[in-house]
Amino acid sequence: MKGESTPLIHDAQVPLTPAELEVLRRQYIKEGEYVTIQTKFNYAWGLIKSRNTDHIELGIKLLTEIYTDAPERRRECLYFLAIGHFKISNYSEARRFNDQLLKTEPKNDQGLELKRLIDEKVSTEGVIGLAIVSGVVAVGAALVAAVVKRSR
């Protein structure tokens, strides 16, 4: 399954040029209320690849609509929804969508790699969060000790 129909995580991280994204946007707008699933998907894909959070969030919105409206595209949507949420640091949603993909395709290389990256980020941010909390507690304790010592 590697790379055949679902791009590698690295490919999803490389943004389109502004001109390339504009081509997808114009096609999406041109089709208006009769936009095809493929055109909407292409635009959502380009938005997910962006580094701009607003673009990624719009991509997530469009992919969610496709997921609801086109059951035959759910597999692709799950992966890119997971990528989009991962890129905006919404790891619980990224994990949820990726786990849905892995339920139907447990050996999907891209899903497994994304799972590893999500777990790694959650673990790293958890350690950083714990260090920050520990530092705040230590500073607070030092301040309380200084106040108590001064009041004697």
Side-chain angles (χ1 to χ4, degrees), residues 1-140:
M1 297 201 177
K2 189 172 190 167
E4 292 170 12
S5 59
T6 306
L8 298 172
I9 183 80
H10 171 72
D11 295 333
Q13 299 277 27
V14 177
L16 298 179
T17 66
E20 291 169 327
L21 187 57
E22 182 62 16
V23 167
L24 297 175
R25 187 185 75 78
R26 283 187 182 181
Q27 183 62 36
Y28 174 78
I29 289 169
K30 178 182 172 187
E31 292 183 20
E33 67 180 277
Y34 302 105
V35 66
T36 64
I37 295 295
Q38 187 62 51
T39 296
K40 186 185 269 192
F41 183 85
N42 291 347
Y43 184 42
W45 167 81
L47 291 165
I48 292 294
K49 289 173 63 76
S50 176
R51 290 189 177 108
N52 179 308
T53 301
D54 291 337
H55 288 174
I56 296 168
E57 288 173 350
L58 178 55
I60 288 170
K61 177 184 175 290
L62 295 175
L63 286 168
T64 301
E65 291 171 6
I66 295 167
Y67 183 87
T68 302
D69 298 341
E72 71 279 6
R73 299 301 293 262
R74 285 188 176 157
R75 177 187 166 279
E76 292 169 289
C77 288
L78 286 172
Y79 180 71
F80 284 106
L81 283 164
I83 294 272
H85 283 288
F86 177 78
K87 288 179 71 173
I88 61 171
S89 303
N90 188 351
Y91 302 123
S92 63
E93 285 297 295
R95 179 177 278 141
R96 184 172 70 89
F97 286 113
N98 197 55
D99 285 350
Q100 281 184 305
L101 174 64
L102 290 172
K103 270 185 199 166
T104 58
E105 295 183 22
K107 295 182 190 251
N108 182 298
D109 289 338
Q110 291 73 32
L112 292 169
E113 174 64 8
L114 184 54
K115 179 180 178 5
R116 184 188 68 74
L117 290 173
I118 293 167
D119 291 345
E120 193 175 277
K121 278 286 195 182
V122 168
S123 176
T124 300
E125 290 194 3
V127 169
I128 291 169
L130 186 58
I132 290 170
V133 168
S134 297
V136 168
V137 169
V139 168

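The figures here come from the full heavy-atom set of this structure, side chains too, leaving out hydrogens, waters and symmetry mates. Remember, predicted model here, so these are calculated numbers, not experimental data.
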If we ignore angles and hydrogens, is there a donor and acceptor under 3.5 Å between the side chains of E65 and T68? no
Within the 4.5 Å heavy-atom criterion, are [X] and [Y] side-chain neighbours or not?
{"X": "I60", "Y": "I56", "value": "yes"}
{"X": "W45", "Y": "E76", "value": "no"}
{"X": "F86", "Y": "N98", "value": "no"}
{"X": "L21", "Y": "H55", "value": "yes"}

Audit row: K61, E57, salt bridge (charged side-chain N to carboxylate O under 4.0 Å, His left out) steps and yes/no: CA-CA 6 Å; K61 177 184 175 290; E57 288 173 350; over 6 Å; no
Examine distances only and state if a side-chain atom of [X] and a backbone atom of [Y] form a donor-acceptor pair shorter than 3.5 Å.
{"X": "K49", "Y": "V14", "value": "yes"}
{"X": "T39", "Y": "V35", "value": "no"}
{"X": "T104", "Y": "L101", "value": "yes"}
{"X": "E31", "Y": "Y28", "value": "no"}
{"X": "Q100", "Y": "L78", "value": "no"}
{"X": "K87", "Y": "S50", "value": "yes"}
{"X": "N108", "Y": "L102", "value": "no"}

What do the steps show when you test L47 against L24 for side chain to side chain contact (heavy atoms under 4.5 Å, CB included), and what is the final call? CA-CA 9 Å; L47 291 165; L24 297 175; over 6 Å; no
Is it true that R26 and E22 have a side-chain N and a carboxylate O under 4.0 angstrom from each other?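 So R26 pairs with E22 through a salt bridge.
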Should R95 and D119 count as an ion pair when the cut-off is N to O under 4.0 Å?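 Salt bridge flag = yes for D119 with R95.
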CA sep, side-chain torsions, deciding dist, call: D109, E113, side chain to side chain contact (heavy atoms under 4.5 Å, CB included): CA-CA 6 Å; D109 289 338; E113 174 64 8; over 6 Å; no
Y91 ring center within less than 6.0 Å of H85 ring center: no
To the nearest 0.5 angstrom, please state how far the CD1 atom of I83 sits from the CD atom of Q110.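 If we round to the nearest 0.5 Å, I83:CD1 and Q110:CD are 9.0 Å apart.
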I want to check a possible cation-pi pair here: R73 against F41, using under 6.0 Å from ring centre and within 45° of the ring axis as the test.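 That pair qualifies as a cation-pi contact.
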